[in-house]
Amino acid sequence: MIDDLDLGFDEPERGEKGRHRRGFRKGKSGSGGGGRGKTFLALLMALLLLGGIGGGAFYGFDRIQNYFVTPDYDGSGAGEVTVEIKNGALIADMADALVAADVVKSQKAFIEAAEANSRSKNIQPGTYKLRKQMSGTNAVTAMLDLKNKIVNGLTIPEGRTSFNIYKLLSEKTKIPVKDFQAAAKDPEGLGVPDWWFKRGDGKKSVKSVEGFLFPDTYEIPPKSTAESILKLMVNRFLSVTGEMKFADRVQEERKVSPYEALIVASLAQAEAGNKDDLGKVARVAYNRAYGEFPCNCLEMDVTVNYYLESIGKPTKSSKQMTAAELDDQKNPYNRKLPGMIPTPINNPGKQALEGAMDTPAGKWLYFVAIDDKGHSAFAETYEQHKRNENKAKEAGII
């Protein structure tokens, strides 16, 4: 019986849980043709034996052939197709995307070609312009050539408001600002979990995408929509804050909700003139809103500017603001209102988030910039603060 005959067939090697990963194994899948010659010989022997059984045995020919011979296209392919490789994709994930786009004939063809090419670990996430029906080897080579990578990058600076971000995105993508505004009306639809909007200060929850559009450099895939781009940014925010354990730590260490801490991070991002002061400015915000500040209000002009921008008016310096603007009772971001403001006032970066989370101890209630590098002097009393202001005036800062 054929079951008793040892033809020397090796079981295909597989990675962890049957899935090939980036750590390529060495050996049998090299670029030489010896392995394929042996495989073909084994196939031929099997077919001869099956032929002795009868013509009906050839029913499984295709299945046998696929087991021993890797299905693969020949040559460099034809036509054109774009393929997106997502962040964190494994070689097997890349292969799946290429098979779906008919770039390669089988997952195995791409995996074997990647294993045979030590540079394949350098394949980056992004969108590639490739040809249909390429050999696995040619597909790997094409993806290592950055000329085939569609670059459509955009950097979102730290501390920009959502209104400003929509304009930057619109200029880059030609998608109308109104499309971004419409998509932003449903933060949860963009991926922000409902629990992020819960507050511990008794104030009404206001759901806004502000604060969740993480500042970073993004590669915008072709045919993106306003919604898909904002989802990309929200997902980046959730990844960064998740890695930091931001939500857990601010609740345990700062005794505030993650949303209130996010608001504080945005205040620090707007007010600190130097990254070294982000944590101290965050401490001032906590002390003013929840500590022993006479009005328990933030008394920061940046909150007024956010309101002006939100209603379509130009922002102003502190000296330019009128008394009516500073203390407008219709303004929900009024600097004199007790407690924390309704939402973040911009989209803070990782360092500002760290400042609001890992805040230095201190009873500071005041601060003022004292040098041209943006460093501030911090004070616990108003008398100390006035002395710091005099130093700033002497240095020509204010």
Legend entry - Test item: S310 side-chain N/O and Y307 main-chain N/O as donor-acceptor pair under 3.5 Å: yes
Legend entry - Side-chain donor or acceptor of K203 paired with backbone N/O of M340 under 3.5 Å: yes
Inset, instruction - Verify the cluster assignment for I111 and V99: are they in a single hydrophobic cluster under the rule of side-chain heavy atoms below 4.5 Å apart? - result: yes
Inset, instruction - Verify whether one side chain among E210 and N347 offers a donor that lies under 3.5 Å from an acceptor in the other. - result: yes
Legend entry - Inter-residue atom distance K336.NZ - D327.CG, 0.5 Å rounding: 6.5 Å
Inset, instruction - Please report the closest heavy-atom contact between G75 and N138, naming both atoms and the distance. - result: O-ND2, 2.8 Å
Inset, instruction - Indicate the atoms forming the closest heavy-atom contact of I85 with A97, along with that distance. - result: CD1-CB, 4.3 Å
Legend entry - Heavy-atom donor-acceptor pair, Q384 side chain to E380 backbone, under 3.5 Å: yes
Legend entry - Main-chain N/O of L365 paired with R288 side-chain donor or acceptor, under 3.5 Å: yes
Legend entry - Hydrophobic cluster identity match, V284 and Y366, side-chain contacts under 4.5 Å: no
Inset, instruction - Please assess L213 against I156 for the test side chain to side chain contact (heavy atoms under 4.5 Å, CB included), listing each intermediate value before the final yes or no. - result: CA-CA 9 Å; L213 303 178; I156 303 297; over 6 Å; no
Legend entry - Heavy-atom donor-acceptor pair, Q269 side chain to G349 backbone, under 3.5 Å: yes
Legend entry - N/O donor-acceptor pair under 3.5 Å between K245 side chain and G242 backbone: no
Legend entry - ILVMFWY network linking L326 to F293, side-chain heavy atoms under 4.5 angstrom: no
Legend entry - Test: K386 and E389 ion pair at under 4.0 Å: yes
Legend entry - Note, I165 side chain near M233 side chain (heavy atom, < 4.5 Å): yes
Legend entry - T161 versus N164, side-chain donor and acceptor atoms under 3.5 Å: no
Legend entry - Interatomic distance, Q124 atom CD to N87 atom CG [nearest 0.5 angstrom]: 10.5 Å
Inset, instruction - Measure the spacing between CG of L278 and NZ of K275 and express it to the nearest 0.5 Å. - result: 9.5 Å
Inset, instruction - Taking the side chain as every heavy atom from C-beta outward, state whether I341 and L267 have any pair of such atoms under 4.5 Å apart. - result: yes
Inset, instruction - With the side chain counted from C-beta on, respond yes when K280 and W364 share a heavy-atom pair under 4.5 Å apart, and no when they do not. - result: yes
Inset, instruction - Apply salt bridge (Lys or Arg N to Asp or Glu O under 4.0 Å) to E227 and K231, showing your working. - result: CA-CA 6 Å; E227 183 179 9; K231 280 183 176 180; 3.5 Å; yes
Legend entry - Side chain to side chain, W195 and P258, heavy atoms closer than 4.5 Å: yes
Inset, instruction - Could you grab the distance from atom CE of M357 to atom NZ of K350, nearest 0.5 Å is fine? - result: 8.5 Å
Legend entry - Flag, side chain of D277 to backbone of S376, donor-acceptor distance under 3.5 Å: yes
Inset, instruction - Identify whether L298 and F378 are in the same connected component of the hydrophobic contact network (ILVMFWY, side-chain heavy atoms under 4.5 Å). - result: yes
Legend entry - Shortest non-hydrogen contact between G191 and V234, atoms and distance: C-CG1, 3.9 Å
Inset, instruction - Any chance you could lay out the side chain to side chain contact (heavy atoms under 4.5 Å, CB included) test for H375 and D276, step after step, and finish with the verdict? - result: CA-CA 8 Å; H375 291 102; D276 298 336; 3.5 Å; yes
Inset, instruction - Test K207 against E188 for salt bridge (Lys or Arg N to Asp or Glu O under 4.0 Å), laying out the working first. - result: CA-CA 9 Å; K207 294 183 178 182; E188 291 174 89; 2.8 Å; yes
Inset, instruction - Measure the spacing between CG of N346 and OH of Y306 and express it to the nearest 0.5 Å. - result: 8.5 Å
Legend entry - Within-4.5 Å side-chain heavy-atom neighbours: F214 and T241: no
Inset, instruction - Check the pair N122 / L144 against side chain to side chain contact (heavy atoms under 4.5 Å, CB included), numbers first and verdict last. - result: CA-CA 7 Å; N122 297 325; L144 287 168; 4.2 Å; yes
Inset, instruction - Nearest 0.5 Å please: distance from the OH atom of Y333 over to the CG atom of D328. - result: 13.5 Å
Legend entry - Backbone N/O of K129 and side chain of T82: donor-acceptor pair under 3.5 Å: no
Legend entry - Nearest atoms (heavy-atom pairs only) where Y73 meets V103: CD1-O, 4.0 Å
Inset, instruction - Scan residues 203-268 for pairs that pass disulfide bond (SG atoms under 2.5 Å apart), counting only residues two or more places apart or in two chains. - result: none
Inset, instruction - Mind jotting down which residue pairs meet the side chain to side chain donor-acceptor pair (under 3.5 Å) criterion with at least one end in residues 212-225? Sequence neighbours excluded, please. - result: K149-E219, T155-T217, D216-R236, T225-S228
Legend entry - Side chains of N287 and E292, donor plus acceptor under 3.5 Å: no
Inset, instruction - For the residue pair K316 and V304, establish whether any side-chain heavy-atom pair is separated by less than 4.5 Å. - result: no
Inset, instruction - Verify, without hydrogens or angle tests, whether Q251 (side chain) and A247 (backbone) share a donor-acceptor contact under 3.5 angstrom. - result: yes
Legend entry - Side-chain donor or acceptor of N148 paired with backbone N/O of A142 under 3.5 Å: yes
Inset, instruction - Under the ring pair (Phe, Tyr, Trp, His ring centres under 6.0 Å) rule, collect the residues that match up with F212, sequence neighbours excluded. - result: W196, F197, F237
Legend entry - I398 side chain near V368 side chain, heavy-atom distance below 4.5 Å: yes
Legend entry - CA sep, side-chain torsions, deciding dist, call: V140, F110, side chain to side chain contact (heavy atoms under 4.5 Å, CB included): CA-CA 7 Å; V140 170; F110 182 77; 3.5 Å; yes
Inset, instruction - Would you name the heavy atoms of I345 and S266 that are closest together and state the gap between them? - result: N-OG, 3.1 Å
Inset, instruction - Heavy atoms only: give me the nearest V206-Y259 pair and the separation to one decimal. - result: O-OH, 3.2 Å
Inset, instruction - Using the six-membered ring wherever Trp is involved, compare the ring planes of F163 and Y166 and label them parallel, tilted or perpendicular (cut-offs 30° and 60°). - result: perpendicular
Inset, instruction - For D145, look at atom CG and say whether over 12 heavy atoms of other residues, nucleotides or ligands are found less than 6.0 Å away. - result: yes
Legend entry - I263 side chain reached by R199 side chain, heavy atoms, under 4.5 Å: yes
Inset, instruction - Could you state whether M143 and L146 fall into the same hydrophobic cluster, counting links through intermediate Ile, Leu, Val, Met, Phe, Trp or Tyr residues with side-chain heavy atoms under 4.5 angstrom apart? - result: no
